[in-house]
Amino acid sequence: MAAGSAGSRSGLLLGLGAFGLWGLLPLYWRQLDSAGASEVLAHRMLWSLPTALVLLVAVRNWSWIRPLLRDPRRLTLLAVSATLISGNWYLFIWAVAEGRVLEASLGYFINPLLTIAIGVLLLRERMRRAQWVAVGVGGLAVVVMSVAYGQIPWISLALSISFAAYGLVKKKTGLDGLEGFTADSALQFLPALVFVLFLAGRGDSTFTTEGGTHTLLLIGSGLATALPLIFFGGAAVRLPLSTLGMMQYLAPSTMFLLGVLAFHEEMPPERWAGFGLVWTALTILTWDALRHVRRTRRTVARHVPADAAAAPARARDA
């Protein structure tokens, strides 16, 4: 029980770190507007592998690589996850560059609902009543925000579907955060390198033409990518998908605020209504989570004394 509780706590911390950083990423990508979305994506993929290798050296964690290379099924899953996250990255970077951060945030509001649906329908995870209520309120928020656009929000749907599928595949690989990120990065590295060299040969690269800060930001995109993905991978193997799905509201909430307050995108009343509903859902979820933690602690407290009292008797019987 204690080990499981510790795993859940670390999973929650990792999830908060992942989604908090993801929510702030539009600020980073906006600094790279002079480069096209394809070049930013290529550098993001290119510099992710060196970042991952440095982190692996720091923690001295190499034992998982050989068993992975002998497992065709997991390698196939990793190829799928690398493809899904690459497409997701590109669309998100493009949306930020095009001033459509609010549409991107809507995509990540929808995404937890898809993640929860996958967890309940495919993995047979169970949810408490208050969690269902929170999901229902969150679903209503998504409907309100979708109606506000007056059209099918294709950017939002593409982002949500690709990331929900990525979360499912990532969970099935069984790799922890750093391991999964390294494996994905290894598969992305060569195509990214080829594209960066192609841009340079054609004279379209901005890597060395926009100043030192621009160059450092492109290099730093590896670390900006690594940290939240590592945190997310760690959370995915420690938490049920239903819990992970609800935590994902943190990232789009932050993006939504950035779109309104930092990037001054259009904010009609319907979007305010939807945003209020999202925070209502989060309030319900937080209340339920705190109540569940208190109940779990009371249950543990009732069982520990009984187990401790029974230990001497078991020792005598032995």
Side-chain angles (χ1 to χ4, degrees), residues 8-30 85 88-89 92 95-96 101-119 127 130-131 133-142 144-145 156 159-164 166-168 170-171 177 181 224-263 265 271-272 274-293:
S8 296
R9 284 196 298 269
S10 64
L12 288 172
L13 290 174
L14 288 167
L16 289 172
F19 299 118
L21 289 173
W22 269 321
L24 295 172
L25 271 180
L27 292 173
Y28 196 99
W29 305 132
R30 185 56 69 91
I85 200 61
N88 182 275
W89 287 353
F92 182 71
V96 172
V101 173
L102 290 178
E103 289 185 65
S105 74
L106 176 59
Y108 291 108
F109 279 129
I110 298 172
N111 178 69
L113 303 177
L114 294 177
T115 302
I116 290 170
I118 290 173
M127 293 177 61
Q131 290 177 310
V133 172
V135 169
V137 175
L140 179 59
V142 169
V144 170
M145 285 190 243
S156 306
L159 285 171
S160 62
I161 292 171
S162 60
F163 198 76
Y166 171 75
L168 175 63
K170 181 63 66 176
K171 192 173 184 70
F181 172 68
T225 299
L227 289 181
L229 269 178
I230 291 169
F231 292 164
F232 175 76
V237 298
R238 289 171 172 83
L239 296 174
L241 275 182
S242 54
T243 301
L244 198 64
M246 292 305 299
M247 289 184 70
Q248 290 174 26
Y249 280 117
L250 176 62
S253 297
T254 305
M255 293 177 200
F256 194 84
L257 289 173
L258 286 176
V260 173
L261 301 177
F263 304 141
E265 296 184 19
R271 286 181 179 168
W272 279 119
F275 194 56
L277 287 170
V278 167
W279 282 109
T280 300
L282 287 171
T283 300
I284 296 171
L285 182 68
T286 302
W287 168 79
D288 176 71
L290 292 174
R291 184 182 64 165
H292 182 67
V293 168

Atom pairs and distances, side-chain donor-acceptor, residues 252-262, under 3.5 Å, sequence neighbours left out:
residue, atom, partner, partner atom, Å
Ser253, OG, Tyr249, O, 2.7
Thr254, OG1, Leu250, O, 3.0

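Looking at every heavy atom in both residues, Ala235 comes nearest to Gly15 through CB-N, 3.7 Å. The minimum heavy-atom distance between Val133 and Ile284, with the atom names listed, is CG1-CD1, 3.8 Å. Contact between Ala130 and Arg291 at its shortest, heavy atoms only, is CB-NH2, 4.3 Å. The two residues Glu265 and Leu102 come nearest to each other via the heavy atoms OE1-N, 3.1 Å. Leu227 and Leu21 get closest at one heavy-atom pair: CB-CD1, 3.9 Å. Looking at every heavy atom in both residues, Pro228 comes nearest to Ala18 through O-CB, 3.3 Å.
For Phe231, the ring-ring contact (aromatic ring centres under 6.0 Å, His included) criterion is met by no residue, not counting sequence neighbours.
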>> For Phe181 and Thr225: C-alpha separation, side-chain torsions, deciding distance, then whether side-chain contact (heavy atoms from CB on, under 4.5 Å) applies.
In response: CA-CA 9 Å; Phe181 172 68; Thr225 299; 4.0 Å; yes
>> Between Phe92 and Tyr108, is the side-chain contact (heavy atoms from CB on, under 4.5 Å) condition met? List the steps.
In response: CA-CA 10 Å; Phe92 182 71; Tyr108 291 108; 3.8 Å; yes
>> Between Leu27 and Phe263, does the side-chain contact (heavy atoms from CB on, under 4.5 Å) criterion hold? Intermediate values first, please.
In response: CA-CA 9 Å; Leu27 292 173; Phe263 304 141; 4.1 Å; yes
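Rounded to the nearest 0.5 angstrom, Asn88 CG and Phe163 CZ are separated by 6.5 Å.
Judged by distance alone, the side chain of Arg30 and the main-chain N or O of Pro26 form no donor-acceptor pair under 3.5 Å.
Note: Trp22 and Phe232 meet the aromatic proximity criterion, with ring centroids under 6.0 Å apart.
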